[in-house]
Amino acid sequence: MQIDATVLSGLEKLSRLQIDSDKQKNMIDQLSEIVTYVENLSELDTDHLDAAFSTLTGGTPLRQDDSRSDPSIPEAILKYAPESADDFFVVPAIID
Amino acid sequence: MFETVIGLEVHIQLNTATKLFCACPTSFAAHPNTYICPTCLALPGALPVVNETAVIKAMRFANAIGARINETSRFDRKSYFYPDSPSAYQITQFYEPILRNGTVRIDLEDGTQKSIRVHEAHLEADAGKNIHEGAVSRVDLNRAGTPLLEIVSAPDLRSAHEAIAYLKKLHATVRYLDISDANMQEGSFRCDVNVSVRPKGQEAFGTRVEIKNMNSFRFISEAIEYEVQRQIEAYEDGVYDDEVWQETRLWDPDRHETRSMRGKEEAADYRYFPEPDLRPVMITEAMQEAARELPELPDQKVARYTEKLGLKKYDALVITADKELAHYFEAMIDIGVPERSAVTWLTSELLGRLNKASLPITESPVDARTLGTLILKIEEGIVSGKGAKEVLDHLMKHEERDIDAIIEKLGLKQVSDDGAILAIIEKVLRANEDKVAEYRNGKEKLLGFFVGQVMKASRGAANPAKVNQLLKRRLIE
C-alpha cells in the first residue's frame, strides 16, 4: 500500500490528529516503512486456508439476562469525568 | 414512467432485561447515566460478555420469517467518532450476521400478498443520547449498549405504500414474538429508508439515497413520496447526476422535505474489523430449542379467523395488525360472543371511542370481558344495540362494572315481555283507530308508523323485533 499525502490527510481526519506540514514527509516515510514491514506477511501462501479470527477455539461464553446495578459505579464514573452536570457527561457542542 | 425501488433497514430494540454485553438494566425513562458500567462505557480493561437472551430473541425472529440461523456468527467493530459512543466504535455483526435470507409477506390493497426478502439481520449495541445545548452537549449513556436487531430488506419494495405495509408487518411480527416493544416514539422501532428511481424497464438500479430520522409511519411515507418526486424531477430536468448522489438525507417534518446531511466528499469510513474481545457466537441445541417455540403469528391468525371463524379478510387484517387487538378479540370470543358482533363492537364502537380519547387498546378503560358481557346482553334481548352504545359510553367514563345495574340505572332495560308490550300496543292502536282501518284496507306501509309509536310510548325500551312481531299479529286479528 502506497502512503502519500492524500492517505495521510485521510488518516489525520480519522484520528482527529493534525500533523505539522514540516513533519509530514517524515511521517509518510515512517508509515510506509511500517506498512512495508507488515506486507512481508503477504508472501505467505494462504490460498488454501480459511481466515482465522482468533487462536482460541470454541464459542464465546454467554451470559444469562439477569440485571445488576450498583449506584456507586455511575457515581464514581461521573466523578472522574472531565466534566459533568446534573448526572450528564458534558462535552463541547457537537456540530451536526 | 419511473419505477421506485426501496430497501429498508429497521432497527428494533430487543426487550431484554439487560444490555447486550453487560448486566446493566435496559430502561427507557431512567435518570441520566443510572445504568452505566465500565463495560458499556468501554473503560480500559472491561470486557464484553454476550447476552444469551438477545441471541435467542434474534433466533426467534429468524424462525418467524423462515430465515437461516447462522450457527457461528461473529461480532465486528465499526469505527465512528461521536460522544454518544464512548468506545469510538460500535460492536455489530458485519461479516457473519446472526441470520440470513428470510421472507416477510405483506398484504397489498388488492387482497394479494407479496414476498419481501430479508437479506440479513444482525445484532448490535445501541449508542447513547446527546442533548445539544448551545455551547455544550450533554451525554446520557443509559441506552449505550442496549441490544438492537438491525433487519435489512432486499430492494424489493416498489412504493411508499408497500414500504409501510412491510414495516407494519414487521412491527406486528416482533410484537407478537415479544422480542421488542417496537415503540416508534420511544425509538425502539427505527427505520432508515434507501430509495432510488429508474425508468420503467431499466434493469440497473438508480442512485440510492438514504433517509433517516423518521419516527412515524406517516413521516416515512411522506419522506419517500417527497424523495421519489425529487429524484424523478431531477431525471426529467436532465440534472440527475448533479442532484442525486449516494448520500444520507434527513426528513424535516416541519418543512416537509428531505435535506442533505453531509457533503458527498465526506463518505464515512467505518473500518470494520473482527471484534478482538469476543469469540464467535456458537448456537447450541438448547438455544435452538428455546427459539423454536413461536406464538401464533399474524398470517396464521388471519388464516384461522377467515377460515374457522368466518371473518372477512379485511376485518381479520385489521384485528391481527395489533397483538393486543387480536387478544382482545379472542378474549371476547372465549366468553361466547358471536364473531360478527365481536368484530363490529371492537372495530367500530370501541376503537372509535378509543381513537377519540387518543388511547391505545392497551389502555382501554373497558376490558374484553366487560365489553363481551355487554354484547351478550344484546344477544339475550336485555338491552337494544342502541342502548348498549349508551352503556359503553357510561363504561368509558365510570369505574362501575355491573352491566345489569348500569342498564337498569340508565333505564335501558329492554322490555321483551309480551304482556307489557301488548299493553302498549293496545294503547297505540286505540289512539289511532283511523290508521288501523287504513292499514287493514291495505296500506301496509303504516306498520312502520305503528312500530315507531309503540317504541316512542315505551321510551325506546321495547324490544323492536318483538314489537314488530306482536304488532303484525295484532293488526291481522
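Order of the sequence lines fixes the chain letters, A, B, ..., with proteins taken first and strands second; residue numbering starts at 1 for each chain. Quantities reported herein were computed from a predicted structural model and do not represent experimental measurements.
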Which bit of A:Asp86 comes within less than 4.5 Å of chain B, counting heavy atoms only: side chain, backbone, both or neither? both

I'd like to know if the side chain of A:Asp87 reaches the main chain of B:Pro32, judged simply by a donor and an acceptor atom lying under 3.5 Å from each other, with no hydrogens or angles considered. no

Counting only heavy atoms not in B:Glu71, do more than 12 sit closer than 6.0 Å to its CD atom? no

Can you name the nearest heavy-atom pair linking B:Gly134 to A:Ala93, along with the distance? O-CB, 3.3 Å

Just verifying a value: how many Å separate A:Leu62 CG and B:Met282 CE, rounded to the nearest 0.5 Å? 11.0 Å

Whether over 12 other heavy atoms sit under 6.0 Å from A:Arg68 CZ: no

Checking heavy atoms, do the side chain of B:Leu47, its backbone, both or neither come under 4.5 Å from chain A? neither

Are there over 12 heavy-atom neighbours, none belonging to A:Met27, within less than 6.0 Å of that residue's CE? no

Is it the case that atom CZ in B:Phe273 sees more than 12 heavy atoms from other parts of the structure closer than 6.0 Å? yes

Under 4.5 Å to a heavy atom of chain A? For B:Tyr35 that would be side chain

Give, for atom CZ of A:Phe89 and atom CG of B:Asn33, the distance between the pair rounded to the nearest 0.5 Å. 4.5 Å

Donor-acceptor contact below 3.5 Å, side chain B:Arg279 vs main chain A:Thr57: yes

Can you tell me if A:Glu39 has over 12 outside heavy atoms packed within less than 6.0 Å of its CD? yes

Between B:Asn51 and A:Asp65, is there a side-chain donor-acceptor contact under 3.5 Å, judged purely by atom types and distance? yes

Other residues, nucleotides and ligands only: do more than 12 of their heavy atoms fall within 6.0 Å of CD on B:Glu133? yes

I'd like to know whether CG of A:Asp47 has more than 12 heavy-atom contacts from other residues, nucleotides or ligands below 6.0 angstrom. yes

Most heavy-atom pairs under 4.5 Å with chain A, out of B:Thr16, B:Val50, B:Val55, belong to B:Val50

Checking heavy atoms, do the side chain of A:Ala85, its backbone, both or neither come under 4.5 Å from chain B? both

Contacting region of B:Phe21 [heavy-atom separation from chain A under 4.5 Å]: backbone

Measure A:Pro71 against the heavy atoms of chain B and call it side chain, backbone, both or neither at under 4.5 Å. neither

Straight-line distance of B:Thr53 OG1 to A:Arg63 CZ, nearest 0.5 Å: 8.5 Å

Who wins among B:Lys19, B:Arg271, B:Met287 for the most heavy-atom pairs under 4.5 Å with chain A? B:Arg271

Counting only heavy atoms not in B:Glu285, do more than 12 sit closer than 6.0 Å to its CD atom? yes

What is the distance from atom CD of A:Glu75 to atom OG1 of B:Thr34, rounded to the nearest 0.5 Å? 11.0 Å

Part of B:Ala17 lying under 4.5 Å from any heavy atom of chain A: both

Are any of the side-chain nitrogens in A:Lys13 or B:Asp269 under 4.0 Å away from the carboxylate oxygens of its partner? no

Is there side-chain contact between A:Ile73 and B:Pro38, with at least one heavy-atom pair below 4.5 Å? yes

Are any non-hydrogen side-chain atoms of B:Leu43 and A:Ile77 less than 4.5 angstrom apart? yes

Answer with side chain, backbone, both or neither: which region of B:Leu41 has an atom nearer than 4.5 Å to a non-hydrogen atom of chain A? side chain

Heavy-atom closest pair (B:Pro25 atom, A:Ser67 atom, distance to 0.1 Å) is CG-CB, 4.0 Å

Taking the side chain as every heavy atom from C-beta outward, state whether B:Val136 and A:Phe88 have any pair of such atoms under 4.5 Å apart. no

